[in-house]
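Presented below is the structure to which this report refers.
Throughout, residue positions are numbered sequentially from 1 according to the sequence presented.
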Amino acid sequence: MTIQIGDTLPETAFVKATDSGPEAIDSKSFFADRKVALFSVPGAFTPTCSAKHLPGYVDNADALLAKGVDEIVCTAVNDAFVLGAWSKSNAADGKVTMLADGNGAFATAVGLTMDGSKFGLGTRGQRFSMVVDNGVVTQLNVEAPGEFRVSSAEHMLDQL
C-alpha cells in the first residue's frame with residue numbers, strides 16, 4: 001500500500017556517507033521533531049536526476065529552508081558511496097543530505113517502488129517528493145512514469 005498524506009513514515013534504515021565511513025541512520029529518530037523536505041530519485045547519475053532533480057533542490061535550498069524546512073534529503077536505491085560521490089559532483093554537500101536506501105527498504109515500505117529491469121536497474125524507488133513533519137507525511141507528490149514535474153523543488157516551494 002502506498003503511503004498517504006497523514007501517515008507516519010515507517011521505521012526503516014538508511015545509510016549516509018561520512019568522512020569516517022558509512023553511518024547507519026534510523027528513520028524514526030532522523031525525522032523526529034523537525035520538518036524535512038525529502039525527494040526520491042530512481043538513481044544517482046541518471047539523466048533527469050542529474051540534470052534537473054538534484055540541481056533544483058541545490059539551487060532552491062535557501063528558499064526551502066526559509067519556508068521552515070529544517071533539512072533537505074535525497075534518497076535513492078543506491079549505496080552511500082555512490083550518493084556521496086553524486087553529492088560532491090553536484091555541489092550538493094551542505095545543502096542536500098544524501099540518505100542511501102541501498103536495499104530499497106524505504107521505497108518498499110512506503111509503497112513507491114518501480115521496476116527498472118528493462119534498463120538494467122532492477123527495483124528502484126519511484127521519483128517522488130514529500131514533506132515530513134515530525135515523522136508524518138504532510139505533502140506527497142508522486143510522478144507519473146517518465147515525468148518530472150510534481151516532485152521538483154519548485155513545486156514543493158509552492159506547497160510550503
Side-chain angles (χ1 to χ4, degrees), residues 2-3 5 7-46 48-50 52-62 64-65 67-114 116 121-143 148 150-153 155-156 159-160:
T2 303
I3 198 157
I5 292 173
D7 289 350
T8 299
L9 284 184
E11 292 186 42
T12 60
F14 294 100
V15 178
K16 179 180 175 183
T18 69
D19 291 339
S20 57
E23 176 187 340
I25 306 286
D26 79 274
S27 62
K28 185 174 183 176
S29 59
F30 184 86
F31 291 97
D33 301 319
R34 60 208 199 106
K35 186 183 282 190
V36 177
L38 179 142
F39 67 103
S40 169
V41 297
F45 294 105
T46 57
T48 301
C49 304
S50 292
K52 296 178 182 177
H53 213 167
L54 177 57
Y57 280 91
V58 170
D59 293 345
N60 287 289
D62 291 339
L64 286 162
L65 296 172
K67 293 249 186 171
V69 168
D70 296 304
E71 190 162 358
I72 303 162
V73 170
C74 176
T75 188
V77 180
N78 288 116
D79 64 67
F81 301 106
V82 169
L83 287 182
W86 191 46
S87 179
K88 285 182 185 2
S89 72
N90 283 277
D93 288 354
K95 294 184 178 187
V96 176
T97 301
M98 299 290 178
L99 294 183
D101 184 22
N103 296 320
F106 177 74
T108 300
V110 295
L112 291 169
T113 60
M114 59 167 263
L121 299 172
T123 301
R124 296 291 179 116
Q126 291 181 35
R127 186 179 309 282
F128 65 87
S129 69
M130 61 174 67
V131 176
V132 182
D133 196 347
N134 193 26
V136 176
V137 177
T138 59
Q139 294 291 335
L140 178 63
N141 309 294
V142 180
E143 297 286 0
F148 172 68
V150 299
S151 64
S152 70
H155 185 78
M156 185 176 282
Q159 292 180 312
L160 293 170

Inset, instruction - Would you please indicate yes or no on a ring centroid separation below 6.0 angstrom for Phe128 and Phe39? - result: no
Inset, instruction - Check whether any side-chain N or O of Gln126 sits under 3.5 Å from a backbone N or O of Thr113 as a donor-acceptor pair, and report yes or no. - result: yes
Inset, instruction - Identify the two heavy atoms, one from Pro55 and one from Ser50, that lie closest to each other, and give their separation to 0.1 Å. - result: CG-O, 3.1 Å
Inset, instruction - Classify the side-chain pair Glu11/Ser27 by whether it contains a donor and acceptor separated by less than 3.5 Å. - result: no
Legend entry - Under 3.5 Å: donor-acceptor pair, side chain of Asn60, backbone of Ala153: no
Inset, instruction - Check the side chains of Thr138 and Asp133 for a donor-acceptor pair under 3.5 angstrom, ignoring hydrogens and angles. - result: no
Legend entry - Candidate pair Ser151 and Glu143, rule side-chain hydrogen bond (donor to acceptor under 3.5 Å, both in side chains), full reasoning: CA-CA 6 Å; Ser151 64; Glu143 297 286 0; 2.9 Å; yes
Legend entry - Nearest heavy atoms of Gly43 and Asn78, plus distance in Å: CA-OD1, 3.4 Å
Legend entry - Aromatic contact, Phe14 with Phe106 (centres under 6.0 Å): yes
Legend entry - Test log, rule side chain to side chain contact (heavy atoms under 4.5 Å, CB included), inputs Met130 and Leu9: CA-CA 11 Å; Met130 61 174 67; Leu9 284 184; 3.8 Å; yes
Inset, instruction - Write down the atom of Val58, the atom of Ala92, and the distance for their closest heavy-atom approach. - result: CG2-CB, 3.6 Å
Legend entry - Separation between CG of Asn141 and OG of Ser152, rounded to the nearest 0.5 Å: 8.5 Å
Inset, instruction - Could you tell me whether the side chains of His155 and Ser129 share a donor-acceptor contact shorter than 3.5 Å? - result: no
Legend entry - More than 12 heavy atoms from other groups under 6.0 Å of CG on Asn103: no
Inset, instruction - Locate the shortest heavy-atom distance separating Val15 from Pro22; write the atom from each residue and the value. - result: CG1-CB, 3.7 Å
Legend entry - Flag side-chain contact, heavy atom, 4.5 Å: Val69 against Met156: no
Legend entry - Donor-acceptor under 3.5 Å (Thr12 side chain, Ala105 main chain): no
Inset, instruction - Assess the side chains of Glu71 and Thr97: does a donor N or O sit below 3.5 Å from an acceptor N or O? - result: yes
Inset, instruction - Could you walk me through whether Asn134 and Val136 pass the side chain to side chain contact (heavy atoms under 4.5 Å, CB included) test, one step at a time? - result: CA-CA 6 Å; Asn134 193 26; Val136 176; 5.7 Å; no
Inset, instruction - Apply the test side chain to side chain contact (heavy atoms under 4.5 Å, CB included) to residues Arg127 and Thr48: give CA-CA distance (whole Å), side-chain angles for both, the deciding distance (0.1 Å), then the verdict. - result: CA-CA 10 Å; Arg127 186 179 309 282; Thr48 301; 3.6 Å; yes
Inset, instruction - Look up atom CG in Leu65 and atom NZ in Lys95, then write down how far apart they are to the nearest 0.5 Å. - result: 10.0 Å
Inset, instruction - Determine the interplanar angle of the Trp86 and Phe45 rings, folded into 0 to 90°, and report it as parallel if under 30°, tilted if 30 to 60°, perpendicular if over 60°. - result: tilted
Inset, instruction - I would like to know whether Val137 and Val131 meet side chain to side chain contact (heavy atoms under 4.5 Å, CB included); could you show each step before the answer? - result: CA-CA 6 Å; Val137 177; Val131 176; over 6 Å; no
Legend entry - Minimum-distance pair of heavy atoms, taken over all atoms of Ile3 and Leu140: O-CD2, 3.1 Å
Legend entry - Student check: side-chain heavy atoms of Val142 and Leu112 closer than 4.5 Å: yes
Inset, instruction - Taking all heavy atoms of Leu83 and all of Ala100, pick out the closest pair and write down the distance. - result: CD1-CA, 3.4 Å
Inset, instruction - Starting at NZ of Lys16, measure out to OG1 of Thr75 and round the result to the nearest 0.5 Å. - result: 13.0 Å
Legend entry - Min side-chain heavy-atom separation Leu99-Ile25 under 4.5 Å: yes
